[in-house]
Amino acid sequence: PCPPYESLWRADGPKREQGRLMGPAAGGIARLYAEIGLRVRVDAHELPDHLAIEWEALAFALEQDAAEAAASLVDEQLALWMPPFCAAVEAETVHPFYAALAARTAGGTAARAG
């Protein structure tokens with residue numbers, strides 16, 4: 001019930017583009033990856049706006065002391081979809097682990113957002 005793709009959760013674009021895989025968010029995040037020297041491997045079998053890939057890119061930017069890129073990843077991408085995604089995970093899960101993980105992820109995203 002909670003697919004981990006930014007394009008499905010962003011509500012700030014045109015209505016016709018909301019809730020669609022490979023929406024504008026996927027292109028935007030791919031451009032941010034390129035700016036910091038990353039790209040999604042062809043054989044990764046995941047879309048560029050997958051939750052794990054976005055967080056991994058943030059970790060990379062922080063490790064590289066690329067503060068501006070890290071801020072862009074949070075403010076222009078993660079902060080725009082983590083709140084509704086994490087709220088949905090908390091509402092849908094029956095496992096305390098996932099509810100806690102969602103709450104911590106939402107809190108961590110909010111703490112990093114500018």
Task: For Arg41, all residues meeting salt bridge (charged side-chain N to carboxylate O under 4.0 Å, His left out), sequence neighbours excluded - done: Asp43

Open item on the list: Grouping I, L, V, M, F, W and Y whenever their side-chain heavy atoms are under 4.5 Å apart, do Leu80 and Leu73 come out in a common cluster?
Closed with: no

Task: Closest non-hydrogen atom pair between Pro83 and Ala79, with its separation - done: CD-O, 3.4 Å

Open item on the list: Rounded at 0.5 Å granularity, tell me how far CH2 in Trp81 sits from CG in Asp49.
Closed with: 7.0 Å

Open item on the list: Minimum heavy-atom separation for Val74 and Thr109, please, with both atom names.
Closed with: CG1-O, 4.1 Å

Residues 21-32, side-chain donor-acceptor partners within the protein, below 3.5 Å, at least two apart:
from, atom 1, to, atom 2, distance (Å)
Arg31, NH1, Gly27, O, 3.4

Open item on the list: Let me confirm one number: the CG-SG distance from Leu8 to Cys2, rounded to the nearest 0.5 Å.
Closed with: 11.0 Å

- [ ] Please name all residues satisfying ring-ring contact (aromatic ring centres under 6.0 Å, His included) with Tyr5, sequence neighbours left out, ordered by chain then number.
- [x] His50

- [ ] Keeping the roles fixed (side chain from Thr93, backbone from Val89), state whether a donor-acceptor pair exists under 3.5 Å.
- [x] no

Could you list the donor-acceptor pairs under 3.5 angstrom formed between side-chain atoms of residues 56-67 and any protein atom two or more places apart in sequence or on another chain?
none

TODO: Locate the shortest heavy-atom distance separating Gly114 from Asp75; write the atom from each residue and the value.
DONE: N-OD1, 2.7 Å

Task: Side chain to side chain, Phe85 and Glu90, heavy atoms closer than 4.5 Å - done: no

Task: Interatomic distance, Arg112 atom CZ to Met82 atom CE [nearest 0.5 angstrom] - done: 14.0 Å

Task: Qualifying residues under side-chain hydrogen bond (donor to acceptor under 3.5 Å, both in side chains), relative to Gln77, sequence neighbours excluded - done: Glu6

Open item on the list: Which residues pass the side-chain hydrogen bond (donor to acceptor under 3.5 Å, both in side chains) test with Trp9, not counting sequence neighbours?
Closed with: none

